[in-house]
Amino acid sequence: MYFPIFALRRSEIDEYMKLDHKEIESKWKEKWEASRLYAVTEDPSRSKYYVLDMFPYPSGSGLHVGHPLGYVASDIFSRYKRMKGFNVLHPMGYDAFGLPAEQYALDTGVHPADSTSANIERYRAQLDNIGFSYDWSRQVRTDDPAYYKWTQWIFLQLYHHYYDIAQQKARPVQELIRHFEVHGSEGVRASVSAEVNFTAQAWSAMKRLEQENVLMHYRLAYRKTGYVNWCEALGTVLANDEVKDGVSERGGFPVVQKEMMQWCLRITAYASRLLDGMDSLHWSDSLKSIQRNWIGRSEGAYIHFQIENHTDTSLKIFTTRPDTLFGCSFMVLAPDHDLVAVLTTPDRMEAVNGYREEFKSKSADARAAGQKTFTGTFTGAFAVHPVTGTRIPIWIADYVLKDYGTGAIMAVPADDERDHAFALQYQLPIPEIIDRSSVVDGTMEDRKGKLINSGFLDGMQVPDAIATMLDYLENTKMGTRSVEYKLRDANFSRQRYWGEPFPVYYDGEGVIHTMDPSTLPHELPALDDFKPSPDGRSPLARLKEWTEPQPGIHRETDTMPGYAGSSWYFLRYMDPHNPDHFASPEAIAYWQDVDLYVGGVEHAVGHLMYSRFWHKFLYDLGYVPTEEPFKKLINQGMIQGIVESLLMFKEKKDGRTHFISSELAAARNIPEDMLSKIPVHTQFVTAYGQPTSHLTDKGLEAFLLWRPEYSDAHFECFDYTFSAPSFAGAVFYTNSEVGKMSKRYHNVVNPDDVIARYGADCFRMYEMFLGPVEQSKPWDTLGIEGVSKFLKKLWSLYYNENGEWRVTPTEPTDASMKLLHTTIKKTAEDIERFSFNTAISQFMICVNELRKSEERSAHILTPLIQLIAPFAPFIAEELWEKSGNTGSVHSSDFPQLDAQWLVSTDVTYPVCINGKKRSEITLPVHSDTKWLEEQALQLPDVVKWMEGKSPKKVIIVPDKMINIVI
RNA sequence: GCCAGAGUGGCGGAAUUGGUAGACGCGCUGGACUCAAAAUCCAGUGUUCGCAAGAAUGUGCGGGUUCGAGUCCCGCCUCUGGUACCA
């Protein structure tokens with residue numbers, strides 16, 4: 001009965017005409033690699049364009065569908081720019097040093113050197129699968145000694161420079177030393193940790209160690225003892241941006257304040273330049289505002305207060321509201337302020353010391369937990385009001401921070417919420433100084449109102465009063481204008497193994513010596529036991545022979561943090577194998593800076609801030625030609641997952657687990673706290689992610705097989721209930737919500753699986769089609785079918801159902817030409833403005849139209865391949881070759897727009913009466929407006945709607961619409 | 001609290017400078033093909049009223065400017081992100 005041969009033939013034909021993405025992908029991956037298609041070199045005859053992705057740290061779990069979102073976008077952009085004639089640098093590498101890589105190694109017990117290499121291999125394969133156009137010959141990895149040689153070199157440069165405020169740039173410490181030798185500290189304006197004053201003679205009289213300690217206050221990379229964020233679970237200190245809500249960003253472990261000697265980078269020296277530099281950048285408003293808040297500039301003044309019975313010292317405070325000086329009724333110092341010990345009177349000593357002890361033991365996170373009641377105590381000392389001469393009590397309190405401003409404030413309880421609360425609590429006077437009676441909804445601190453009880457400021461509005469007081473303070477030398485920043489210096493030490501060793505050592509006296517740059521890289525020694533220790537000592541300290549290479553010499557055992565290597569990697573890509581420079585001057589002169597940077601917003605205050613800081617420093621030294629490294633920045637959103645769960649009553653009923661369908665739970669308004677959400681693997685769910693997602697009987701069976709602990713469960717739906725194991729024909733609605741893509745929710749979509757099923761081109765296009773690149777959006781497993789269908793339709797424009805090439809060299813129709821050029825215009829515009837989803841929509845329209853009109857002309861179909869090439873590089877390359885073109889479609893020129901095809905001979909105008917569309921009229925383009933008006937007024941529908949009235953005026957928007965006002 | 005961004009069908013989202021709101025895709029409904037299913041193709045799909053032609057209404061809420069507002073202005077509400085004693 002059967003005809004096996006015939007059957008075989010049929011399936012062969014089916015296979016042939018079908019789009020076989022696997023074969024196409026492997027074919028072109030090999031060819032591209034063999035021909036080094038994406039390798040770039042400096043070419044002065046062409047304009048450069050630098051497209052950069054934030055390089056990943058190679059974690060063990062590999063890429064999930066969220067990671068490549070930004071990579072796909074930047075790849076489309078790179079390919080487009082290349083076709084537009086730019087010489088495009090589009091590199092990729094790995095952020096291999098640092099906490100994430102090391103934590104992974106610790107979790108798996110594999111040495112980080114081995115695990116990162118294995119992970120990198122996996123990442124590379126996954127990235128290649130997606131069809132990226134990276135120039136892999138330029139790959140960098142931060143744990144490569146040939147790379148971190150230059151990280152160490154930059155560190156040495158930071159160490160050997162200080163920041164000159166007058167010149168607003170970094171200068172060599174050698175210059176500073178020469179100045180000290182001649183003039184002492186007089187006349188030096190520099191960013192410092194602490195002010196020190198000495199004469200030239202005093203400088204010369206200092207011992208070497210003393211001199212070094214002085215210089216430490218100036219160096220851009222320096223050591224200091226201070227309170228740092230110590231994370232015991234991670235066994236290391238962390239920078240401020242690595243701590244969120246009192247716990248470590250990585251791992252979520254508690255972080256406490258601990259006093260330690262640490263390396264720091266003086267990023268504060270660059271605060272104003274980091275702030276001002278942003279004005280010229282094409283970054284999103286939200287990202288700029290995050291950085292601005294983090295830097296936290298405020299303008300104000302220092303004011304000096306004399307202290308009763310202390311002629312040798314005065315109290316310096318910072319305020320943004322000098323106009324409120326007359327309202328100052330007490331002063332507050334941070335409990336750990338240096339002057340506390342000096343000022344406290346004997347009778348208050350006991351109370352003050354007790355308070356300081358209590359303050360120290362209070363953990364940072366208890367304070368962060370947001371107790372709004374302030375505590376404090378009186379020191380017994382009094383300051384003298386600089387204008388009125390009244391006695392002002394000096395207190396200490398925990399609401400004043402040592403490391404902001406001067407660590408001391410003048411309290412103005414009438415115009416500051418905190419001072420007010422504190423004054424009420426300790427019954428301190430609250431002199432009124434601002435009349436807000438004329439200000440609607442006037443509150444404290446809003447800089448509105450009229451000054452009262454304020455001497456020469458009486459009657460002034462707040463902004464005027466501020467200006468007047470600032471002048472007064474400077475004229476009388478009682479204070480100076482000043483700007484303060486919230487930004488803190490960056491902690492640069494990690495008590496960890498997996499990072500760059502510092503190229504420094506200490507001699508017997510504790511003097512720091514830097515290693516000669518020619519001896520770099522200072523390699524990280526092999527160490528089998530790389531576990532961190534809770535005592536604050538680096539694992540390297542356990543390696544005695546390395547730590548102490550000769551008697552009296554001690555190496556630094558801390559390592560650099562993860563952001564060290566990532567703060568300059570974009571420069572290394574310009575010349576990645578250069579042994580003599582971090583990048584040659586010629587390469588830097590050509591590539592300049594990054595034109596487009598794509599990456600996650602989570603690096604807003606970490607990586608992006610540090611990179612800008614390092615770049616500005618290298619600019620000061622003349623190594624890079626631009627002040628800012630990243631001209632344009634796009635923050636891609638995250639791909640979220642749909643979390644599917646079954647609603648379970650927390651309390652068992654009749655000893656059984658009791659599930660309720662989401663529909664019924666909603667209908668009965670069952671309170672959320674009675675239910676637990678049991679995540680269910682998305683592969684069991686039917687119509688997953690859709691409003692009606694549910695488990696069928698098969699899904700329920702699979703679920704119970706997977707979760708045998710629920711095999712006694714009882715399920716309740718709208719019309720019926722059932723119990724395991726008998727639920728034939730059941731439909732049980734799940735609870736679906738948008739959430740993270742995570743192993744915990746069993747909703748992770750692996751790009752490899754998607755690519756295996758739909759192809760890389762489909763994967764790329766779908767990620768873009770989901771919505772704007774910047775936006776976060778859930779992965780919808782059904783939506784990808786639409787893009788898949790589109791690609792099959794595209795393919796069938798070129799191949800008929802017998803697998804025969806159907807493109808002919810015939811002349812195209814005018815309609816097709818118009819369609820093609822509309823698509824060229826739209827594609828180019830959309831790519832330029834990073835709107836890939838709308839470009840893809842246009843492709844869909846174009847392909848559908850061409851199918852309907854059965855267009856076969858190569859004049860249309862060949863340029864179409866080029867338009868789609870940035871999005872679907874594999875399919876495009878295959879079709880390009882089959883069209884008989886030589887060379888790669890990715891090296892071809894982007895199709896030229898011929899605008900004549902966009903102009904149609906007729907335009908259909910909607911005709912509106914008072915803004916409502918009542919009719920329409922088709923007329924030749926560029927018609928005389930008077931004539932247009934006459935034609936429109938004669939339309940029968942218009943005559944009907946006008947009811948004999950005459951028009952007040954007629955508005956004609958050229959080529960858009962006609963509006964008649966009556 | 002403060003700073004920034006956003007609110008459009010059942011869903012993801014279009015509408016680039018104020019000019020026919022809902023493109024494109026998903027889902028849904030109906031139909032064709034099929035013994036049947038899948039796949040594919042065709043049609044419909046904001047809401048309300050209507051057999052229909054059609055009409056009214058509609059971009060978080062309330063006002064305003066304009067011939068015309070998703071878009072601009074004023075006042076609210078909600079959500080998301082950042083920040084949290086920053087003087």
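Since this is a predicted model, take the numbers as computed values, not measurements. Each chain gets a letter, A, B and so on, in the order its sequence line appears, and its residues count up from 1.
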**OP:** Give a yes or no on whether the backbone of A/Asp398 and the side-chain of A/Tyr355 come within a donor-acceptor separation of less than 3.5 Å.
**Re:** yes
Subject >> Proximity to the side chain of A/Ser841 - top-ranked nucleotide from B/U16, B/A23, B/G13 >> reply: B/A23
**OP:** Would you mind telling me which of B/C85, B/C41, B/A15 lies closest to the side-chain atoms of A/Arg851?
**Re:** B/C41
Subject >> B/G9 glycosidic torsion: syn (within 90° of 0) vs anti >> reply: syn
Subject >> Donor-acceptor pair under 3.5 Å, A/Lys792 side chain vs B/U40 base >> reply: no
**OP:** Test the A/Arg612-A/Trp283 pair against the cation-pi criterion, namely NZ or CZ under 6.0 angstrom from the six-membered ring centroid and within 45° of the ring axis.
**Re:** yes
Original post:
So what does A/Lys789 touch, heavy atoms closer than 4.0 Å: a base, only the sugar-phosphate, or nothing?
Top reply: sugar-phosphate
Original post:
B/U8 and B/G62: how far apart are their P atoms, nearest whole angstrom?
Top reply: 16 Å
Original post:
Hey, does A/Ser298 reach any base, or is it just sugar-phosphate, or nothing, if we go heavy atoms under 4.0 Å?
Top reply: sugar-phosphate
Subject >> Watson-Crick/G-U partner (both atom distances under 3.5 Å) of B/A87 >> reply: none
Original post:
In terms of the nearest nucleotide of RNA chain B, which residue is placed more toward the 5' end: A/Thr320 or A/Glu829?
Top reply: A/Glu829
Subject >> Identity of whatever pairs with B/A52 - Watson-Crick or G-U, under 3.5 angstrom >> reply: none
**OP:** Quick one: look up who B/G27 pairs with, Watson-Crick or G-U, both distances under 3.5 Å, and put none if it's unpaired.
**Re:** B/U45
Subject >> Heavy-atom donor-acceptor pair, A/Arg481 side chain to A/Gly300 backbone, under 3.5 Å >> reply: no
Original post:
A/Tyr909 side chain to A/Ile956 main-chain N or O, any donor-acceptor pair under 3.5 Å?
Top reply: no
Subject >> Rounded distance in Å between the C1' positions of B/C77 and B/A23 >> reply: 30 Å
**OP:** Report the residue (A/Ile955 or A/Lys852) whose heavy-atom-nearest nucleotide on RNA chain B is the more 5′ of the two.
**Re:** A/Lys852
Original post:
Expressed in whole Å, how much space separates the C1' atoms belonging to B/A15 and B/G81?
Top reply: 26 Å
**OP:** Could you check which nucleotide pairs with B/U20 in any of the strands shown, counting Watson-Crick or G-U wobble with both distances under 3.5 Å?
**Re:** none
Original post:
Among the nucleotides B/A87, B/U16, B/G27, which one has an atom lying closest to any side-chain atom of A/Leu782?
Top reply: B/G27
Original post:
How far, in whole Å, is B/C11 from B/C61 if one measures between their P atoms?
Top reply: 15 Å
Original post:
Is there a Watson-Crick or G-U wobble partner for B/U71 with both distances under 3.5 Å, and which nucleotide is it?
Top reply: none
**OP:** State, yes or no, whether a side-chain contact exists between A/Phe769 and A/Met844 at a heavy-atom distance under 4.5 Å.
**Re:** yes
**OP:** Could you tell me whether a side-chain N or O of A/Ser796 sits under 3.5 Å from a main-chain N or O of A/Tyr799, the two making a donor and an acceptor?
**Re:** no
Original post:
Looking at the side chain of A/Thr838, which of B/C85, B/A14, B/C67 is the nearest nucleotide?
Top reply: B/A14
Subject >> A/Asn963 side chain, from C-beta outward: closest of B/C24, B/G19, B/G82 >> reply: B/G19
Original post:
Of all the nucleotides listed (B/A87, B/U20, B/A55), which has the minimum atom distance to the side chain of A/Arg918?
Top reply: B/A55
**OP:** Can you figure out which of B/U20, B/A14, B/G5 approaches the side chain of A/Pro772 most closely?
**Re:** B/A14
**OP:** Using the C1' atom as the reference point in each nucleotide, state the distance between B/G1 and B/G70 in Å, no decimals.
**Re:** 31 Å
**OP:** Select one nucleotide: of B/A87, B/G13, B/U83, the one nearest the side-chain heavy atoms of A/Lys777.
**Re:** B/G13
Original post:
Among the nucleotides B/G82, B/G12, B/A4, which one has an atom lying closest to any side-chain atom of A/Leu770?
Top reply: B/G12
Original post:
Looking across every strand, which nucleic acid part, if any, lies under 4.0 Å from A/Lys486 by heavy atom: base, sugar-phosphate, or nothing?
Top reply: base
**OP:** Indicate yes or no: at least one non-hydrogen side-chain atom of A/Arg321 is less than 4.5 angstrom from one of A/Val462.
**Re:** yes
Original post:
In terms of side-chain heavy atoms of A/Lys953, which of B/G25, B/C67, B/G82 is nearest?
Top reply: B/C67
Original post:
For B/C79, which nucleotide in any strand shown is its Watson-Crick or wobble partner with both distances under 3.5 Å?
Top reply: B/G5
